[in-house]
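These notes are about the structure you will find just below.
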Amino acid sequence: MRIDIITLFPEMFEGPFGHSIVKRAKDKGIVEIHTHNLRDYSTNKHKKVDDAPYAGKGGMLMTPQPIADCIDALKKDREYDEIFYTSPDGELLDQNVVNQYSDYRNIIILCGHYKGIDERIREHYITKEFSIGDYVLSGGELAAMILVDSVVRIIPGAIGDEMSALSDSFQDGLVAPPAYTRPKNFRGWEVPEILLSGNEKKIDEWKHEQAVIRTKARRPGLLED
Ligand code: ADE
């Protein structure tokens, strides 16, 4: 998969994409991530990328020219499955949509700033707007990182143990069951006996039961869906 990120702050991505699973996926050639500084595409002599909205009060908008030129340049070289825009009023990201996006070959993510982008870019370029939650961030970079991380980790080969992505919370519509590791007894607190039994069928049943109990308690909405 190739991911092109259009941003005013390309340096923000160096940390999150330089570690852990995303880094490993890049090193293995499973994903290619390219950041593009929007300012480089501005034809304004001061490299301005924002302006006041018509008939608006307070706040600035990202101007259409640098965004359109940047996307046009990218589209010249390849076709894109989706051009994402980070926006609090976009479709809420969940495991379902993340699973779908992990099949894409090429995507663009445009990171929003200020009061957002000129509506004509939304109409003529953006194919999907997404939100990471009902709260407002100071920019779309963190949302873009979350989309990339959640998508990349489920691309086959990104995680060493293939099963582990499949047993994530939400993959079967439930949150994950409780999990334990060594030692068996920690400060007098025991690991549930069933997990030490070696009876795989019984263990799977127990895990499912626990996942249902936990989902009912913590995220009952998932069961209604
Ligand atoms: N930009 C600002 N807030 C956002 C959110 N909640 N999700 C995605 N992009 C955003």
Side-chain angles (χ1 to χ4, degrees), residues 1-22 31 33-42 48-54 56-68 70-71 74 80-104 106-155 168-170 175 218-219 221-222 225:
M1 176 185 273
R2 177 185 165 113
I3 303 174
D4 288 284
I5 300 174
I6 305 171
T7 170
L8 288 171
F9 300 102
E11 308 79 25
M12 280 180 74
F13 293 88
E14 286 166 17
F17 294 168
H19 299 274
S20 189
I21 292 169
V22 175
V31 67
I33 304 176
H34 301 268
T35 51
H36 307 274
N37 192 334
L38 191 60
R39 230 169 266 286
D40 294 340
Y41 292 84
S42 174
K48 214 166 113 84
V49 290
D50 63 329
D51 213 328
Y54 284 114
K57 288 196 200 99
M60 300 289 266
L61 281 181
M62 291 167 83
T63 54
Q65 176 274 315
I67 300 173
C70 181
I71 297 177
L74 291 169
Y80 285 91
D81 299 296
E82 207 84 86
I83 302 178
F84 289 100
Y85 170 55
T86 62
S87 171
D89 59 13
E91 181 185 22
L92 214 51
L93 208 60
D94 66 15
Q95 194 62 52
N96 246 339
V97 291
V98 165
N99 289 348
Q100 288 165 30
Y101 301 157
S102 69
D103 278 339
Y104 287 161
N106 301 315
I107 62 170
I108 292 174
I109 308 173
L110 169 64
C111 301
H113 262 277
Y114 314 116
K115 285 279 180 197
I117 54 176
D118 187 289
E119 189 64 22
R120 290 163 291 186
I121 294 293
R122 293 171 101 148
E123 280 171 17
H124 298 287
Y125 282 93
I126 302 301
T127 60
K128 178 74 75 185
E129 307 196 3
F130 76 95
S131 165
I132 60 161
D134 290 339
Y135 39 83
V136 179
L137 304 166
S138 48
E141 281 73 15
L142 290 170
M145 288 171 203
I146 285 169
L147 176 65
V148 170
D149 187 278
S150 59
V151 166
V152 168
R153 67 187 298 285
I154 54 169
I155 299 175
D168 285 341
S169 276
F170 309 117
V175 304
R218 298 179 181 206
R219 300 292 304 275
L222 288 176
D225 295 345

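Since the structure is predicted, the reported quantities are computational estimates derived from the model, not experimental observations. Atoms within each ligand, like the ligands themselves, are counted from 1 in listed order.
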Between K128 and V97, is any pair of side-chain heavy atoms under 4.5 Å apart?
no
Which is it for S87 and ligand 1 at heavy atoms under 4.0 Å: side chain, backbone, both or neither?
backbone
Atom 1 (N) of ligand 1 - nearest protein heavy atom and its distance
P88 CD, 3.7 Å
Taking everything shown except K48 itself, do over 12 heavy atoms lie less than 6.0 Å from its NZ?
yes
Distance filter under 4.0 Å to F130 heavy atoms, resulting ligand 1 atoms:
8 (C)
Below 4.5 Å, heavy atoms only, C-beta onward: do L110 and I83 meet side chain to side chain?
no
Parallel under 30°, tilted from 30 to 60°, perpendicular over 60°: which one fits the rings of Y104 and Y101?
parallel
Check each atom of ligand 1 against the heavy atoms of A143 and keep those under 4.0 Å away; list them by number with element.
8 (C), 9 (N)
Considering distance alone, does some N or O of L137 sit under 3.5 Å from an N or O of ligand 1?
yes
Ranking L147, I132, V136, L142 by closest non-hydrogen atom to atom 7 (N) of ligand 1, top hit is I132
Test item, G112 contacting ligand 1 (heavy atom, 4.0 angstrom)
no
Among T127, I6, D81, find the one that has a side-chain contact (heavy atoms from CB on, under 4.5 Å) with I108.
I6
Protein residue, atom and distance nearest to atom 6 (N) of ligand 1, heavy-atom basis
Y135 O, 2.8 Å
